[in-house]
Amino acid sequence: MPAETSFNAIVERYAGIEGRDLVAHVVKDYPGRVALLSSFGAESAVLLHMVADVAPDLPVLFLDTGKLFDETIAYRDQLVKTLGLRNLQVVSPDAADLARIDADGTLHSRDTDLCCHIRKTVPLARATEQFDVLISGRKRFHGAARSDLRLVSEQDGKLKIEPLAAFSALDLSNYVTAQQLPPHPLKSFGFHSIGCAPCTVAGGSEDDPRAGRWQGSEKTECGIHFSS
């Protein structure tokens, strides 16, 4: 976390600010030290639009696990072009890790936690080392560990910003409509939350979007986000 200001002072500084305004304040306060984490998933267009409006050169870290839907890659390219994002940085798993631990690409069927670890957690940790502040698009209405999500938190020495934490499904829908943002292609097939193809099925709802992730297991998070 940025050392020049105490965490409590940072929380107080951003009290009552969310959405685009929170993004703008953070980018201004920590120039060159902020990155956005984006999956380019079902709800990603809202925060990406806010970032494009405030700071189109902000680093946008996209984790390509090698197991994503083709539609997600196409949607990423569409949004980058449509929104005018100028600093997309694609993060990938280490080839040596994959060769050593998941040579046949089927680890997800045996150990989802380890698969997420080598394809998501480890590469993203490397990619974020140079940044002090990370912005992500998690929301409280997703439930489970996200139910009490704070707009500003601190973990492992980094400041975590959640501009959409208090947004509802209706808030997101209204924003998408007002800004005429394109939907993820899989939305029309009943996907409300979209991750890696082997571990995502159509399902969920506007108010409970993550029901289609790791269906049939108790797993609700992949581990890339700091605890709040």
Side-chain angles (χ1 to χ4, degrees), residues 1-2 5 7-63 72 75-89 124 127-128 131-142 146-155 158-184 187 192-194 206-207 209-210 224-226 228:
M1 189 185 73
T5 309
F7 176 65
N8 288 339
I10 293 173
V11 171
E12 184 175 348
R13 178 197 302 166
Y14 298 135
I17 308 173
E18 63 178 351
R20 179 193 178 281
D21 290 341
L22 182 54
V23 173
H25 277 78
V26 169
V27 170
K28 178 183 176 183
D29 291 343
Y30 302 103
R33 300 156 68 186
V34 184
L36 169 69
L37 312 179
S38 181
S39 66
F40 285 82
E43 299 171 348
S44 296
V46 171
L47 186 53
L48 287 165
H49 180 271
M50 292 177 180
V51 167
D53 187 44
V54 170
D57 290 316
L58 189 76
V60 176
L61 307 185
F62 171 73
L63 185 57
T72 295
Y75 188 53
R76 176 200 68 190
D77 295 343
Q78 178 188 16
L79 285 180
V80 166
K81 181 178 180 180
T82 301
L83 299 178
L85 296 164
R86 297 196 289 260
N87 196 358
L88 176 71
Q89 299 183 14
L124 197 60
T128 56
F131 301 105
D132 293 320
V133 185
L134 303 176
I135 301 174
S136 81
R138 295 184 297 169
K139 301 98 184 167
R140 292 172 189 151
F141 79 87
H142 285 180
R146 305 185 180 195
S147 298
D148 58 354
L149 190 67
R150 292 175 290 172
L151 276 78
V152 180
S153 61
E154 184 271 330
Q155 188 75 25
K158 294 186 186 293
L159 195 64
K160 194 70 176 288
I161 307 296
E162 311 284 357
L164 306 183
F167 275 48
S168 67
L170 181 59
D171 291 331
L172 296 175
S173 178
N174 288 342
Y175 191 101
V176 166
T177 299
Q179 301 298 332
Q180 298 182 315
L181 300 177
H184 192 293
K187 285 277 286 183
H192 289 275
S193 180
I194 302 162
E206 291 294 331
D207 294 317
R210 293 177 66 82
I224 64 171
H225 290 289
F226 304 111
S228 15

Could you check I161, L47, L36 and say which one makes a side chain to side chain contact (heavy atoms under 4.5 Å, CB included) with V23?
-> L47
Side-chain contact test, heavy atoms from C-beta onward, threshold under 4.5 Å: evaluate it for V60 versus N87 and give yes or no.
-> no
Looking at CD of E43 and NZ of K187, how far apart are the two atoms once the value is rounded to the nearest 0.5 Å?
-> 6.5 Å
Shortest non-hydrogen contact from A166 toward R140 = CB-NH1, 3.6 Å
Give a yes or no on whether the backbone of G41 and the side-chain of S44 come within a donor-acceptor separation of less than 3.5 Å.
-> yes
Can you name the residues that form a salt bridge (Lys or Arg N to Asp or Glu O under 4.0 Å) with D171, not counting sequence neighbours?
-> none
Residue list, salt bridge (Lys or Arg N to Asp or Glu O under 4.0 Å) with D57, at least two apart or on another chain | R86
If every non-hydrogen atom of H184 is compared with every non-hydrogen atom of A42, which pair is closest and at what distance?
-> CB-CA, 4.1 Å
Count the heavy atoms belonging to other residues, nucleotides or ligands that lie under 6.0 Å from CD of E12, then report whether that count exceeds 12.
-> no
With rounding to the nearest 0.5 Å, note down the distance linking NZ in K139 to CD in E162.
-> 9.5 Å
Closest approach of Y75 to P182 (non-hydrogen atoms, all atoms of both residues) = OH-O, 2.7 Å
Check step by step if side-chain contact (heavy atoms from CB on, under 4.5 Å) holds for L159 and D132.
-> CA-CA 6 Å; L159 195 64; D132 293 320; over 6 Å; no
Can you tell if the side chain of P163 reaches within under 4.5 Å of the side chain of I135, non-hydrogen atoms only?
-> yes
Can you find a pair of side-chain heavy atoms, one from L61 and one from F131, that are under 4.5 Å apart?
-> yes
How many angstroms lie between CG in L88 and CG in L48, if you round to the nearest 0.5 Å?
-> 9.5 Å
Drop me the distance from T128's OG1 to L134's CG, to the nearest 0.5 angstrom.
-> 5.5 Å
Separation between CG of L149 and OG of S136, rounded to the nearest 0.5 Å | 7.0 Å
Hits for side-chain hydrogen bond (donor to acceptor under 3.5 Å, both in side chains) against D53, two or more places apart or cross-chain, chain-then-number order -> R20
State, to 0.1 Å, how close L85 and A52 come at their nearest heavy-atom pair, and which atoms those are.
-> CD2-CB, 3.7 Å
So, for T72 and F40, which heavy atoms are closest and what is the spacing to 0.1 Å?
-> CG2-O, 3.8 Å
Does A169 offer a backbone N or O that forms a donor-acceptor pair with the side chain of S173 under 3.5 Å?
-> no
Can you list the steps and then say if V34 with D29 is a side-chain contact (heavy atoms from CB on, under 4.5 Å)?
-> CA-CA 9 Å; V34 184; D29 291 343; over 6 Å; no
Gap between atom CG of L181 and atom CG of L79 - 0.5 Å precision = 7.5 Å
Minimal heavy-atom distance between Q89 and P59, with the atoms involved, is NE2-CB, 3.6 Å
Decide side-chain contact (heavy atoms from CB on, under 4.5 Å) for R150 and V11; before the verdict, give the C-alpha distance in whole Å, the side-chain angles of both, and the deciding distance to 0.1 Å.
-> CA-CA 10 Å; R150 292 175 290 172; V11 171; over 6 Å; no
